[in-house]
Amino acid sequence: MKYEISITKTTQPKERLADESKLGFGKIFTDHMFIMDYSDDSGWHDARIVPFGPIALHPASTVLHYGAEIFEGMKAYRTANGEISMFRPLENIRRLNQSAERLCLPTIDEEACLDILKTLVALEKDWVPHADGTSLYIRPYIYGNDPHLGVHAVHNATFVVICSPVGAYYAEGIKPVKIAIESEDVRAVRGGTGYAKCGGNYAASLRAGKRAEERGYTQVLWLDGVERKYIEEVGAMNVMFKINGKIVTPTLTGSVLPGITRKSCVELLREWGYEVEERLISVDELFDAAEKGTLEEAWGTGTAAVVSPIGHLSYKDQIYTVSNNEIGALTQKLYDELTGIQWGKSEDKHNWVEPVCKA
Ligand SMILES: *Cc1c(COP(=O)(O)O)cnc(C)c1O
């Protein structure tokens, strides 16, 4: 199915930034956005693309009080073959619906949602930046929007999609990051909302992130919420380790976000003949490997950075350097292969690329 989307074009198109090296992340937005409302009685209705601008909210709206909000993060790329395309968008749409199910927000028909994303991106195609490594970040989100304070699964919701041209994540070349293993705060617990991409998970993570930054670290590595022993994720990325030639990544226990970059990396690594173990991995095992010299590489995976090498790990008073604080060969190979597919420079053998329109 598809929704009829009404389009109201802006009469005041914005000036585009000439110097794409100054784009940064999520600071500039395109001329239009998509909005659609939901009510139990009418389902999703009023699908519309309108000029980008503020959204009015009832002061009692559920999202403001009880955090009923979920989101996705994906990108559109200007490819080597003169197209605008997206990377595995159906995976994001399916995850949006899994998040919706967890937070009792309404789900959206997959095909209709893909049509919405493509329609908006095609309309905004001139906003997809040109410079190497740049892209158009797409942020779809759903929030609960009942106009009263009762605590219930919502009867009204709003779906919005905004787009932001973003700069190359590694403007100065890929640099390994410093990661602090967090021993106090936890991001999520099993049975909670860890596997859902919801704003509340981020709200809970900000304090540890702030403290880590104050100590000179880029991000925190989260441990499981029950035993504070098993590694879950790093910041807003999944995490992988190369230990003694094998790849180990935390299994999706329910408190780990099922990343699409993670999934793509696991698929590529297995094709390349690596043994990939999705299992519990404790901090003790990791530091043991680091001590023995078998921790060969460590990296985070996520849409924003694609892969992010970890060069330095700290836990309480222990500190380890990973692969000499340089990007490892396999981390580099994953980065090259994934970005090659995304920007249309490598063959898309897996059908991961979804064409949107001519550039
Ligand atoms: C979005 C996200 C990821 C990465 O998912 P991708 O689909 O690879 O972008 C990892 N962890 C958290 C907590 C996230 O929110």
Side-chain angles (χ1 to χ4, degrees), residues 25-26 67 69-77 86-100 102-103 113 117 135-142 164 166 169 177 179 181-182 185-190 192-209 212 218-225 230-241 247 249-269 276 278 298-310 331 334-335 337-339 341-342 350 352-354:
F25 180 81
E69 190 263 358
I70 58 169
F71 65 94
E72 271 304 322
M74 54 211 292
K75 286 173 171 175
Y77 308 85
M86 290 192 278
F87 183 72
R88 309 189 81 174
L90 271 177
E91 295 283 342
N92 292 88
I93 293 167
R94 287 179 188 140
R95 188 171 64 190
L96 182 74
N97 282 334
Q98 280 160 17
S99 302
R102 179 64 184 82
L103 278 92
C113 192
L117 297 174
S135 55
L136 186 71
Y137 186 79
I138 307 162
R139 169 57 60 89
Y141 56 104
I142 303 176
S164 168
V166 297
Y169 194 86
V177 292
I179 300 294
I181 300 178
E182 172 63 32
D185 290 358
V186 297
R187 189 191 80 95
V189 291
R190 245 159 279 171
T193 54
Y195 70 88
K197 213 168 170 74
C198 66
N201 291 342
Y202 278 75
S205 78
L206 298 178
R207 184 172 74 172
T218 316
Q219 275 186 340
V220 302
L221 187 149
W222 299 106
L223 299 181
D224 78 280
Y230 297 106
I231 289 164
E232 301 233 302
E233 321 196 25
V234 30
M237 288 189 281
N238 295 109
V239 66
M240 298 186 178
F241 305 100
I247 314 305
T249 189
T251 187
L252 302 176
T253 50
S255 46
V256 174
L257 200 285
I260 294 154
T261 320
R262 173 192 184 277
K263 181 176 180 170
S264 305
C265 285
V266 168
E267 288 172 32
L268 286 173
L269 288 162
V276 182
E278 296 180 68
W299 65 91
T301 70
T303 296
V306 187
V307 298
S308 180
I310 297 171
T331 311
L334 277 170
Y335 179 81
E337 181 65 12
L338 277 172
T339 54
I341 296 169
Q342 289 167 339
H350 311 83
W352 286 345
V353 173
E354 175 81 30

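Order of listing sets the numbers, starting from 1, for every ligand and every atom in it. What you are looking at is a predicted structure, and each value in this text was computed from that prediction instead of being measured.
- Screening Glu232, Glu233, Glu278, Glu267 for a salt bridge (Lys or Arg N to Asp or Glu O under 4.0 Å) with Arg262, the sole residue that qualifies is Glu278.
- Near ligand 1, heavy-atom contacts under 4.0 Å come from Arg95, Arg187, Lys197, Tyr202, Glu233, Ala236, Met237, Asn238, Leu257, Gly259, Ile260, Thr261, Gly302, Thr303.
- Remark: the backbone N or O of Ala196 is paired with a side-chain donor or acceptor of Asn201 at under 3.5 angstrom.
- With sequence neighbours left out, Phe71 forms a ring-ring contact (aromatic ring centres under 6.0 Å, His included) with Tyr202.
- The closest side-chain donor-acceptor pair between Tyr137 and Arg139 falls under 3.5 angstrom.
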Query - CA sep, side-chain torsions, deciding dist, call: Ser264, Trp352, side-chain contact (heavy atoms from CB on, under 4.5 Å) - result: CA-CA 9 Å; Ser264 305; Trp352 286 345; 3.9 Å; yes
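- Electrostatic pairing of Lys197 and Glu72 does not count as a salt bridge here, judged by no charged N lying under 4.0 Å from a carboxylate O.
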